Amino acid sequence: MSSGEGCEIKEELDYLKRTKLEFEKAVQFINAVVGPIEKGVVKFLEQPFRQLIVRFPVHMDDGSIEMFTGYRVQHSRLYEPTKGGIRFSPDVDLDLITALAFDMTLKCRVVDLPYGGSKGGVCCDPKKMSRGELSRLTRRYTYEILPVIGPDSDVPAPDVGTGEREMGIICDTYKMFNPQSSYSSAVVTGKPLSLGGCRGRKEATARGGAYVLEEAVKQRHIEGLTSLKDAAVVVQGFGNVGYNIANILHEDYGCRIVGICDSKGGIYREEGLNPKDVLTHKENTSSKQSVVGYDGLQRLTVEQLLTSPCDILVPAAKETQIVGALANDIKARVILELANGTTTNLAHEILIHKNIYVLPDILANAGGVTVSYSEWLQNKAGESWELSQVEGKLQKKMVTAYTNIAKTAKNYDLDMRKAAFVFAISNVIEVLFERGIFP
Ligand code: NAD
């Protein structure tokens, strides 16, 4: 039960169950306020249309053979191709990938991209695997999911534990099996530039989040925060998204990055940290690979860091991190959810009750898939766009999405998460009716 004053709801720690709960609540709201949704439509949307599970062997460096389990879940093909990242992590399972695929469908509606949602992953620990092992695992996993991916059917991208290198391997594997395909590079986004990648894709999720935050400040929606200059920021997670948001907010917006943490712990300095220096420290502590120990600063736990004084808290690590037990102690004015599914339902109620503005994941982190769309368009057209063009399109999409969700929130007196769900689901239903059901 609740640990937040006035919040009497049961905390749901399971991400998939939480997603379904949010979906149900939004459906109830649409039914009551906007207009009735047919029951069959609700059933159609709450389940993914395809869940593929693959088990495959990989040769390890010591000569042994290990078995791995991988997944590719396609949630909705109201639009094709479907689109979603690939995660390599020990906690990958069918439910997690299904929840992430569901969110991708909604995210694409929030930023108005003609994609359905999907997601994939392999249960493995990339931090404990060699380069060669990871490369063989990526290649074999790609082979196993080849029947369901393609430039016009389902297009993977990076997520936790994967990056440019893995996307390059996926691209190469697909090309080897589809030598005649004229735009086969479009099978995956987040590739290295030399293989048809897009300028700005690595920074895109973070940059998109920064545009959303900037717009929220501009529209005076965050109580007590009228400028990003010198605003104090705490970032959880220091991988692709976490490092880039820290660096962008520091360099381009003049924020003070007061706290950073990764899975091993965190550091805090009121006067601010330079993310580039912290990254150099992390990369040079070869055994620890952590921000901990930077410049002799005291090591804090992740919980201590999340509840440290700041104006802006950016969860950029993984799901179910902002839980009810922590929410009461969070001091930020705004939470920019760059990680997917990071806040529990109870924590969210507590934050709203405390008047903390929450920019929900399906809006805040949609910059990644938005620039993936640009990459896919370039691959199909045989073009290569300048960074300014990519960022200009990204900014326009993110500002429009923010404005649409903020308007929905205002019109219906909803918080931003409920507004994003109501906006996205209403939109999916509209598309379904326009398209019809085959046959
Ligand atoms: P990544 O693997 O590059 O980085 C993850 C970071 O989180 C690492 O620094 C890791 O040490 C840290 N971490 C893990 N558990 C932690 C914990 N309990 N506390 C603190 N730090 C922890 O992954 P990423 O690509 O940066 O993705 C981060 C989040 O952003 C994920 O939720 C992902 O789904 C979401 N996201 C990523 C993209 C993308 O384009 N990469 C797009 C949209 C959303």
Side-chain angles (χ1 to χ4, degrees), residues 15 83-92 96-97 99-101 103-104 106-108 110-111 117 119-121 124-127 134 156-167 188-191 197-198 200-209 212 234-247 259-267 275 278-279 282-283 285 288-292 299-306 313-323 326 336-343 360-373 375 394 398:
Y15 179 16
K83 188 89 190 69
I86 289 186
R87 182 175 291 204
F88 287 176
S89 164
D91 43 25
V92 162
L96 174 63
I97 299 299
L100 288 161
D103 275 1
M104 281 304 294
L106 302 180
K107 203 177 293 183
C108 290
V110 166
V111 277
K119 203 81 183 190
C124 65
D125 190 349
K127 287 182 182 158
L134 272 174
D159 192 67
V160 173
T162 63
E164 279 191 347
R165 184 166 169 267
E166 289 72 27
M167 300 308 115
V188 65
T189 57
K191 306 176 286 290
C198 177
R201 174 59 184 87
K202 234 191 294 179
E203 300 81 14
T205 304
R207 180 137 335 255
V212 166
V234 164
V235 179
Q236 184 202 20
F238 206 54
N240 174 32
V241 178
Y243 164 71
N244 280 303
I245 191 67
N247 198 42
I260 297 176
C261 74
D262 55 34
S263 55
K264 298 197 174 69
I267 49 173
V278 179
L279 183 68
K282 181 178 166 161
E283 285 174 343
T285 49
K288 292 209 183 95
Q289 283 281 306
S290 173
V291 302
V292 173
R299 176 187 177 277
L300 300 180
T301 64
V302 172
E303 291 71 24
Q304 282 172 321
L305 199 93
L306 290 173
L313 175 62
V314 189
K318 53 191 264 193
E319 60 288 343
T320 320
Q321 295 298 299
I322 312 285
V323 293
L326 279 181
L336 179 67
E337 290 183 348
L338 294 189
N340 284 303
T342 196
T343 307
D361 51 3
I362 59 171
L363 165 67
N365 71 27
V369 67
T370 301
V371 173
S372 277
Y373 178 60
E375 180 172 334
L394 174 63
M398 300 310 290

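In what follows, every heavy atom counts, from backbone to side chain, and hydrogens, waters and symmetry copies are set aside. Everything numeric in this text was worked out from a predicted model, so none of it was measured. Indexing begins at 1, ligand by ligand and atom by atom, following the structure's order.
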Query raised in the report: Does an N or O from Asn240, backbone or side chain, lie closer than 3.5 Å to an N or O of ligand 1?
Result: yes
Checklist entry - Would you say Arg201 contacts ligand 1, with heavy atoms under 4.0 Å as the rule? => result yes
Looking only at protein heavy atoms, what sits closest to atom 23 (O) of ligand 1 is Val160 CA, 3.5 Å
Any N/O of Val241 closer than 3.5 Å to an N/O of ligand 1?
-> yes
Practice problem: Before signing off on this row, confirm whether Asn365 and ligand 1 have an N or O atom pair separated by under 3.5 Å. | Solution: no
Q. For Ser263 and ligand 1, does the shortest N/O to N/O distance drop below 3.5 Å?
A. yes
Regarding ligand 1, does Asn340 bring an N or O atom to under 3.5 Å of one of the ligand's N or O atoms? yes
- Message: Do Tyr373 and Val111 have side chains that approach each other closer than 4.5 Å (heavy atoms only, starting at C-beta)?
- Response: no
Minimum side-chain heavy-atom gap Met104-Val369 below 4.5 Å: yes
min-distance protein heavy atom vs atom 35 (C) of ligand 1 -> Leu338 O, 3.5 Å
Correct closest heavy-atom pair for Lys282 and Phe238 would be NZ-O, 3.2 Å
- Evaluation steps, side chain to side chain contact (heavy atoms under 4.5 Å, CB included), between Gln289 and Lys127: CA-CA 10 Å; Gln289 283 281 306; Lys127 287 182 182 158; over 6 Å; no
When distances are taken from atom 19 (N) of ligand 1, the protein heavy atom at minimum range is Gln236 NE2, 3.1 Å
(message) Any atom of ligand 1 sitting under 4.0 Å from a heavy atom of Glu319?
(response) no
* Asked: Looking only at distance, does Gly242 have an N or O less than 3.5 Å from an N or O of ligand 1?
  -> no
Quick check: do Leu279 and Asn247 have side-chain heavy atoms less than 4.5 Å from each other? no
Shortest non-hydrogen pair, Val291 vs Val278, comes out as CG1-CG1, 3.6 Å
Within 4.0 Å of some non-hydrogen atom of Lys127, the atoms of ligand 1 are 11 (O)
Taking every heavy atom of Asn340 against every heavy atom of Lys107, the minimum-distance pair comes out as OD1-NZ, 2.9 Å
for atom 21 (N) of ligand 1, nearest protein heavy atom and its distance come out as Asp262 C, 3.1 Å
Ranked by distance from atom 15 (N) of ligand 1, the top protein heavy atom is Lys318 CD, 3.4 Å
Original post:
Using a distance-only test with no angle check, is there a side-chain donor-acceptor pair under 3.5 angstrom linking Asn365 and Thr205?
Top reply: no
shortest atom 33 (C) of ligand 1-to-protein heavy-atom contact is with Asp159 OD1, 3.2 Å
Worksheet item: Any side-chain heavy atom of Thr370 sitting closer than 4.5 Å to one from Met398?
Response: yes
At under 4.0 Å between heavy atoms, what of Met104 touches ligand 1? The answer is neither
The answer for which part of Glu203 has a heavy atom under 4.0 Å from ligand 1 is neither
Hits for side chain to side chain contact (heavy atoms under 4.5 Å, CB included) against Asn240, two or more places apart or cross-chain, chain-then-number order -> Lys202, Asn244
min-distance protein heavy atom vs atom 18 (N) of ligand 1 -> Gln321 OE1, 3.2 Å
Val234 side chain reached by Leu305 side chain, heavy atoms, under 4.5 Å
yes
heavy-atom search around atom 39 (C) of ligand 1 in the protein gives Thr205 OG1, 3.5 Å
Report yes if the side chains of Arg207 and Leu394 come closer than 4.5 Å at any heavy-atom pair, otherwise no. yes
Within the 4.0 Å heavy-atom cut-off, what Lys119 brings close to ligand 1 is neither
The side chain to side chain contact (heavy atoms under 4.5 Å, CB included) partners of Thr189 (sequence neighbours excluded) come to Lys83, Val155, Ala157, Ser372, Glu375, Trp376
Item checked: Distance-only N or O hit between ligand 1 and Phe238, under 3.5 Å -> yes
Ranking Gly209, Ala316, Gly367, Ala339 by closest non-hydrogen atom to atom 28 (C) of ligand 1, top hit is Ala316
Heteroatom distance test (Gly239, ligand 1): nitrogen or oxygen, under 3.5 angstrom:
yes
